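Fair warning: this is a prediction, and the values are worked out from it, not measured in the lab.
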Amino acid sequence: MNHLKTFALLAVLTALFAGLGYLIGGAVGMLIALAIAGAMNLFSYWNADKIVLKMYRAQPVDEQHPNAVVRTYVADIVQMARDAGLPRPMIAIIPNDQPNAFATGRNPENAAVCATTGLLDMLTRDEIRGVMAHELAHVKNRDTLTMTVTATVAGAIAALANFALFFGGGDDDERPGGIIGALALMILAPMAAGLVQMAISRAREYEADRVGAEIAGDPSALASALEKIEAYARRIHNPTAERNPASGQLFIINPLAGKGADSLFSTHPATGNRVKALVALGTKMGLTPRRAFADVAPGPATTSVPSTPSHTPGPWG
């Protein structure tokens, strides 16, 4: 059902993009808009993962890393990927104090999973396993490609609306909606695209929570991790995400949560709802829920994932 909803929402985005082009420039405008969207989607299909990894300065790691925290992090991901029937993904860490994680890649054979140094500092091993199992679930469900395409088309709709605002398109005979219709779409189309993108992402997050909890075998560990990540993410700034808000949907928790306006069209479900669903899943599995994370202000963030073995290892190293 979630896959069906995703395809339906993608169809709405595509129709919205084509309709905007039609009302701005008639049939020719629609064809041009679709050609631009196709080119953007093709480029995103092959290169989006590389762009995102470079943007966040992701550093590939393996079992030979000098830090014990990272070695265990890698080993756990390799083991869970194998148990889930997935190829080994590229595993990376991101030098950022905000605890968070994301997955990217066009398919399971070309996937990458990343955790921030803040995540490795602030969570327990079981919680980190839960988070990375969630990211592997995105890979297994091929969500990374879906979200890349929706983000690209939604961004293109906003760009097309801005183009119409500044340059217009054709006369009223060529533009079936007239000037009023075009102006309305300039305002409403980007909002509608954002809502569709939000709906797709939220559905995928719930499904990745469920599948990830099954991969890790401990829904309560992921629930506890989500509570911790949100509490810290509200207080620890992620400057790269702030400069590139379209990438925020990739993370397990909205990295822009520290900014009040950022949650207006959040691509993530409410963390409390996700936790409740995970607790219910754990109950079905006969597991005892963990104590809820106390939302207390964290101290200064430290990075326990050094580039040399001279630094102090993290809390579960």
Side-chain angles (χ1 to χ4, degrees), residues 55-59 67 69-70 72-73 76-77 92-103 113-135 138 201 205 208-209 212-213 216 218-245 247-264 266-279 289-306 311-317:
M55 178 192 307
Y56 283 94
R57 296 182 293 131
Q59 304 166 5
N67 188 280
V69 176
V70 180
T72 305
Y73 160 73
D76 284 343
I77 293 174
I93 54 175
I94 300 169
N96 191 294
D97 290 336
Q98 183 190 79
N100 229 316
F102 69 79
V113 293
C114 311
T116 65
T117 51
L119 187 93
L120 300 184
D121 273 334
M122 300 175 190
L123 272 62
T124 67
R125 179 179 180 182
D126 285 346
E127 289 167 344
I128 295 171
R129 280 177 56 88
V131 169
M132 301 319 296
H134 169 100
E135 300 307 332
H138 276 310
S201 186
E205 289 302 314
D209 283 347
D218 189 355
S220 63
L222 177 55
S224 176
L226 291 175
E227 291 179 314
K228 284 186 178 181
I229 295 171
E230 172 157 328
Y232 287 115
R234 289 181 181 276
R235 301 178 176 92
I236 300 175
H237 189 59
N238 188 328
T240 304
E242 296 291 350
R243 290 193 301 268
N244 304 276
S247 66
Q249 63 176 324
L250 294 173
F251 287 86
I252 190 169
I253 289 288
N254 181 12
L256 311 175
K259 302 287 186 179
D262 291 334
S263 61
L264 181 61
S266 176
T267 55
H268 294 71
T271 300
N273 292 338
R274 296 171 70 180
V275 169
K276 289 178 182 178
L278 287 165
V279 170
R290 297 173 184 236
R291 181 177 62 86
F293 171 67
D295 186 11
V296 296
T302 58
T303 301
S304 65
V305 185
H311 292 242
T312 303
W316 48 274

Exercise for the section: Decide side-chain contact (heavy atoms from CB on, under 4.5 Å) for Ile94 and Thr240; before the verdict, give the C-alpha distance in whole Å, the side-chain angles of both, and the deciding distance to 0.1 Å. Expected result: CA-CA 11 Å; Ile94 300 169; Thr240 304; over 6 Å; no
Practice task
Decide side-chain contact (heavy atoms from CB on, under 4.5 Å) for Tyr232 and Leu123; before the verdict, give the C-alpha distance in whole Å, the side-chain angles of both, and the deciding distance to 0.1 Å.
Solution key: CA-CA 11 Å; Tyr232 287 115; Leu123 272 62; 5.6 Å; no
Practice task
Check the pair Gln59 / Val70 against side-chain contact (heavy atoms from CB on, under 4.5 Å), numbers first and verdict last.
Solution key: CA-CA 11 Å; Gln59 304 166 5; Val70 180; over 6 Å; no
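For the pair Ala221 and Glu127, the tightest heavy-atom approach, listed with the atom from each and the gap, is O-CG, 3.6 Å. Shown here for Met132 and Ala101, the closest heavy-atom pair between the two residues is SD-CB, 4.1 Å. The two residues Pro99 and Thr116 have their closest heavy-atom pair at CA-OG1, 3.4 Å. The heavy-atom pair separating Ala241 from Leu256 by the smallest distance is O-CD2, 3.4 Å. Nearest heavy atoms, Ala103 versus Leu250: O-CD2, 4.1 Å. What you find for Leu278 and Ala213 is that their closest heavy atoms are CD2-CB, 3.9 Å.
To the nearest 0.5 angstrom, Cys114 atom SG is 12.0 Å from Asn96 atom CG. Separation of atoms CD1 (Ile229) and CG (Leu222) is listed at 8.0 Å; rounding is to 0.5 Å. Atom NE2 of His237 and atom CD of Glu242 lie 5.0 Å apart (nearest 0.5 Å). In this structure, the separation between CZ on Arg125 and CG on Leu120 is 12.5 Å, given to the nearest 0.5 Å. Going from atom CD1 of Ile252 over to atom NE2 of His138 covers 7.0 Å, rounded to the nearest 0.5 Å. Here the CG atom belonging to Asn100 is positioned 7.0 Å from the CD1 atom belonging to Ile253, to the nearest 0.5 angstrom.
For Ala277, there are no side-chain contact (heavy atoms from CB on, under 4.5 Å) partners at least two apart in sequence or on another chain. Listed by chain and number, the residues in a side chain to side chain donor-acceptor pair (under 3.5 Å) with Asp209 are His134, Arg274 (sequence neighbours excluded). The side-chain contact (heavy atoms from CB on, under 4.5 Å) check on Ala216 picks up Met80, Ala133, with sequence neighbours excluded. Partners of Arg129 by salt bridge (Lys or Arg N to Asp or Glu O under 4.0 Å), not counting sequence neighbours, listed by chain and number: Asp76.
For Glu205 (side chain) and His268 (main-chain N/O), no donor-acceptor pair under 3.5 Å exists by modelled atom type. Although no hydrogens or angles enter the test, the distance criterion places a donor-acceptor pair under 3.5 Å between the side chain of Tyr73 and the main chain of Ala115. Between the side chain of Gln98 and the backbone N or O of Pro255, at least one donor-acceptor pair lies under 3.5 Å.
Between Ile236 and Met122 the shortest side-chain heavy-atom distance falls below 4.5 Å.
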